[in-house]
Amino acid sequence: MQYLRKYYKLTFIFLAFNLLLTAKAQKTRYWEYGIGLGVYHYRGDLNENFSVGNFIKEAGPRIVVHLRQNPVPWFNFGFEAGYGNSTIRDADYGRLTRNWEVYTESFDLNFSFEWMFLRYGKWHWENKITPYIKAGGGGLIAGSRGQNTIDLPESIVLHPYTYGSYNLFYGYGVKTRIGYHTTLFIQFTAHATGTDKMDGFIENSVATQKNDRYVSFIFGISRLVF
């Protein structure tokens, strides 16, 4: 009988503790959804020599949509999808003989995490602005066109079609409240991919292949739901 009393007591304490955690999570949890627009830039074999001028010439549009859950005031997780494209010209790098003008584009669907440096969102109207960092990864669909197929060296193999891979990314940004349920944000993300074919070709004369990558700068808006 004494053993049963201890068992019931421990069970009651465990259930009470779980109810307390659940109630606390329900109190702080909220959802958010939103959209962002900005610029997208491919980095790879065609433009290893980076310059601000060529970045401006090459960058194309990017759009991102997201849906996230915020279980606590400083952390969230969810899904985001993005599309972007970029155009790279051989002429900008002095390769006038080949003279490619390659258009590359990609669509990615990712799972992501964000960590806010200040308590933010539900119940924290006093913190109207906070920096944050983020990371995540997911699937990638990419394609390209614009490569010349005439007089190519044997070391170059073209892959001008659509294919799938993965991407892993990190980023950082700042978000600010413009209303109790509305947030504006600006962020940078850098994406590493699992493919060297975003530009539509492989240069086999290179001993070590480097996977392509891309970056984006986004300005967007989120709706907080609570």
Side-chain angles (χ1 to χ4, degrees), residues 36-64 80-110 112 131 133-174 185-220:
L37 300 173
V39 295
Y40 170 101
H41 187 244
Y42 151 91
R43 294 297 310 281
D45 298 327
L46 289 171
N47 58 359
E48 286 289 346
N49 299 322
F50 176 81
S51 73
V52 174
N54 283 338
F55 178 93
I56 295 172
K57 292 178 183 178
E58 296 165 358
R62 179 163 169 86
I63 181 172
V64 176
E80 54 188 71
Y83 168 83
N85 62 63
S86 182
T87 301
I88 308 91
R89 299 171 180 85
D90 270 345
D92 294 332
Y93 297 89
R95 299 186 291 263
L96 300 178
T97 301
R98 191 174 67 176
N99 201 29
W100 282 356
E101 183 173 317
V102 177
Y103 171 88
T104 181
E105 60 183 342
S106 67
F107 170 81
D108 52 70
L109 178 62
N110 302 303
S112 68
I133 57 176
K134 66 185 301 177
L140 171 70
I141 298 175
S144 65
R145 58 181 181 269
Q147 302 88 340
N148 186 359
T149 59
I150 302 174
D151 298 327
L152 288 179
E154 293 183 358
S155 61
I156 290 181
V157 178
L158 296 181
H159 297 273
Y161 44 77
T162 301
Y163 47 85
S165 184
Y166 67 85
N167 81 107
L168 302 174
F169 71 90
Y170 70 90
Y172 43 85
V174 177
F185 65 91
I186 183 169
Q187 72 178 24
F188 163 82
T189 56
H191 299 247
T193 75
T195 178
D196 191 30
K197 301 176 182 177
M198 286 188 68
D199 41 33
F201 75 96
I202 294 289
E203 174 57 82
N204 290 317
S205 65
V206 179
T208 303
Q209 301 293 339
K210 295 181 180 179
N211 286 341
D212 297 324
R213 51 212 186 277
Y214 57 96
V215 299
S216 69
F217 294 89
I218 297 294
F219 178 77

Take the angle between the ring planes of Tyr170 and Phe188 and call it parallel below 30°, perpendicular above 60°, tilted in between.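 Perpendicular, since the angle between the ring planes exceeds 60°.
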Would you confirm whether Asn85, through its side chain, and Glu105, through its main-chain N or O, come within 3.5 Å as a donor-acceptor pair?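 Not at all, since once roles are kept as given, no pair shorter than 3.5 Å links the two residues.
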To the nearest 0.5 angstrom, please state how far the [atom1] atom of [X] sits from the [atom2] atom of [Y].
X      : Y      : atom1 : atom2 : answer
Ile141 : Ser165 : CD1   : OG    : 11.0 Å
Asp92  : Asn54  : CG    : CG    : 5.0 Å
Thr195 : Asn211 : OG1   : CG    : 6.5 Å
Ile63  : Ile218 : CD1   : CD1   : 8.5 Å
His191 : Leu168 : NE2   : CG    : 10.5 Å

For [X] and [Y], which heavy atoms make the closest approach, and how far apart are they?
X      : Y      : value
Asp199 : Val102 : O-CG1, 3.5 Å
Ala81  : Leu109 : CB-CD1, 3.9 Å
Asp212 : Lys197 : OD2-N, 3.3 Å
Glu203 : Ser155 : OE2-OG, 2.8 Å
Thr193 : Arg213 : CG2-CA, 4.2 Å

Would you indicate whether the side-chain heavy atoms of [Y] and [X] approach each other to under 4.5 Å?
X      : Y      : value
Thr189 : Lys134 : yes
Ile202 : His159 : yes
His41  : Tyr214 : no
Asp45  : Met198 : no
Arg145 : Pro160 : no
Leu37  : Arg62  : no
Asn110 : Asn167 : yes
Leu46  : Phe201 : yes

Option passing side-chain hydrogen bond (donor to acceptor under 3.5 Å, both in side chains) with Ser106 (candidates Tyr40, Tyr83, Tyr42):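 The single option meeting the side-chain hydrogen bond (donor to acceptor under 3.5 Å, both in side chains) with Ser106 is Tyr40.
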Answer with yes or no after comparing the ring centroid distance for Phe185 and Phe219 against a 6.0 Å cut-off, counting only values under it.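 That pair fails the under 6.0 Å test.
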Should the heavy atoms of other residues, nucleotides or ligands under 6.0 Å from CD of Glu48 be counted, would the total exceed 12?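 Counting other residues, nucleotides and ligands, CD of Glu48 exceeds 12 neighbours.
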Neighbour count above 12 (heavy atom, 6.0 Å) for Asn99 CG: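 Atom CG in Asn99 is crowded, with more than 12 foreign heavy atoms closer than 6.0 Å.
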Assess, by modelled atom type and distance only, whether the side chains of Glu58 and Ser86 contain a donor and an acceptor separated by less than 3.5 Å.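 Note: Glu58 and Ser86 side chains miss the donor-acceptor criterion.
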Side chain to side chain contact (heavy atoms under 4.5 Å, CB included) for Phe55 and Val215? Distances and angles first, verdict last. CA-CA 11 Å; Phe55 178 93; Val215 299; 4.2 Å; yes
